[in-house]
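The model shown is predicted, which means the values in this text are computed figures rather than measured ones. Values below: all heavy atoms of this structure, side chains included; hydrogens, waters and symmetry mates excluded.
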Amino acid sequence: MKAPILTSASRWPRSLALAAFFFSGCLLAASPARADLRLCNMTSSRVGIALGYRDAQGWVTEGWWNLTARGCETLLKGQLGGRFYYIYAIDYDRGGEWSGRSFMCTREREFTIRGTEDCLARGFDRSGFFEVDTGEQKSWTIQLTETNRPGGHDDETRTAHEDPCNTGAGFREPGDDRQAL
């Protein structure tokens with residue numbers, strides 16, 4: 001008995017099905033990646049996170065996100081609308097903080113506070129945040145590490161993301177006009 005000979009006409013449906021399968025896989029793989037502002041706690045301690053940023057109505061600070069050791073959390077969902085974001089973090093287990101020279105309002109309990117002026121007069125605490133320059137990327141991940149542990153001196157290693165060109169730009173005060181969206 002002779003083996004059937006496949007003609008190009010009989011291979012056509014199979015080739016079309018394979019092409020459609022691979023093309024649909026490419027479409028799924030090419031779908032836009034989720035864009036968020038995330039923070040990963042790469043330390044062995046539990047930490048509390050406060051976030052400062054500018055939206056269409058002005059400056060906002062929010063907190064607290066409580067991260068376990070080696071845990072990550074999404075702080076803002078969706079594409080980032082600005083270039084600069086500000087972080088203040090507290091080490092719950094060992095004490096200390098990750099802070100900077102950009103002062104914004106916080107409080108001990110969960111909060112969303114509008115404005116950075118007159119924190120104490122408005123009944124809030126005043127905390128120094130460090131700046132994160134996202135370089136106008138649409139997605140960014142910040143990492144707190146043992147290297148930049150509270151009391152450390154390494155200000156340049158506070159952020160990490162997909163772009164290897166992150167240079168750890170200097171701090172700016174929240175009132176600086178260069179930070180507008």
Would Phe103 and Thr116 count as a side-chain contact (heavy atoms from CB on, under 4.5 Å) if you check the C-alpha gap in whole Å, the side-chain angles of each, and the deciding distance to 0.1 Å? CA-CA 7 Å; Phe103 290 93; Thr116 59; over 6 Å; no
side-chain contact (heavy atoms from CB on, under 4.5 Å), that's the test. Do Val132 and Phe84 meet it? Break it down for me. CA-CA 6 Å; Val132 176; Phe84 298 100; over 6 Å; no
Ile142/Leu37 under side-chain contact (heavy atoms from CB on, under 4.5 Å): CA gap, chis, key distance, verdict: CA-CA 8 Å; Ile142 303 160; Leu37 178 64; 3.9 Å; yes
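Note: Asp125 CG to Thr61 OG1 = 10.5 Å, rounded to the nearest 0.5 Å. To the nearest 0.5 angstrom, Arg114 atom CZ is 12.5 Å from Cys105 atom SG. Of the inter-residue distances, the one linking Phe111 atom CZ with Glu62 atom CD reads 8.0 Å to the nearest 0.5 angstrom. The structure places CD1 of Ile113 at 11.5 Å from CE of Met104, a figure rounded to the nearest 0.5 Å. Separating the CZ atom in Arg46 from the CG atom in Asp93 is a distance of 4.0 Å, to the nearest 0.5 Å. Put simply, CD on Glu73 and CG on Leu75 are 7.0 Å apart, with the number rounded to the nearest 0.5 Å.
We find that Asp118 and Arg126 are not joined by a salt bridge, their nearest charged nitrogen and carboxylate oxygen being 4.0 Å or further apart.
Distance alone, capped at 3.5 Å, places no donor-acceptor pair between the Ser45 side chain and the Asp91 backbone. Side-chain N or O atoms of Arg109 include none that pairs as donor or acceptor with a backbone N or O of Trp64 at under 3.5 Å. Remark: side-chain polar atoms of Arg94 are not paired, donor with acceptor, to backbone N or O of Ser44 under 3.5 angstrom. Listed for the Ser99 side chain is no donor-acceptor partner under 3.5 Å among the backbone atoms of Phe129.
Put simply, the side chain of Asp133 reaches to within 4.5 Å of the side chain of Arg83, judged on heavy atoms. Side-chain contact check for Phe130 versus Trp98: some heavy-atom pair is nearer than 4.5 Å. Val47 places none of its side-chain heavy atoms less than 4.5 Å from the side chain of Tyr92.
A donor-acceptor pair shorter than 3.5 Å can be found between the side chains of Thr43 and Asn41. In the model, Arg38 has a side-chain atom that pairs as donor or acceptor with a side-chain atom of Thr74 under 3.5 Å. In this model, no donor atom of one side chain and acceptor atom of the other lie less than 3.5 Å apart for Tyr85 and Glu131.
A continuous path of ILVMFWY side-chain contacts below 4.5 Å connects Leu80 to Leu51, so both sit in one hydrophobic cluster. When the side chains of ILVMFWY residues are joined at heavy-atom separations under 4.5 Å, either directly or via intervening members, Met42 and Trp65 end up in two distinct hydrophobic clusters.
The aromatic ring centroids of Tyr86 and Trp59 lie less than 6.0 Å from each other.
Taking the centre and axis of the six-membered ring of Phe124, the NZ or CZ atom of Arg107 falls outside the cone set by 45° and 6.0 Å.
The shortest non-hydrogen separation linking Lys77 to Asp36 is CA-OD1, 3.2 Å.
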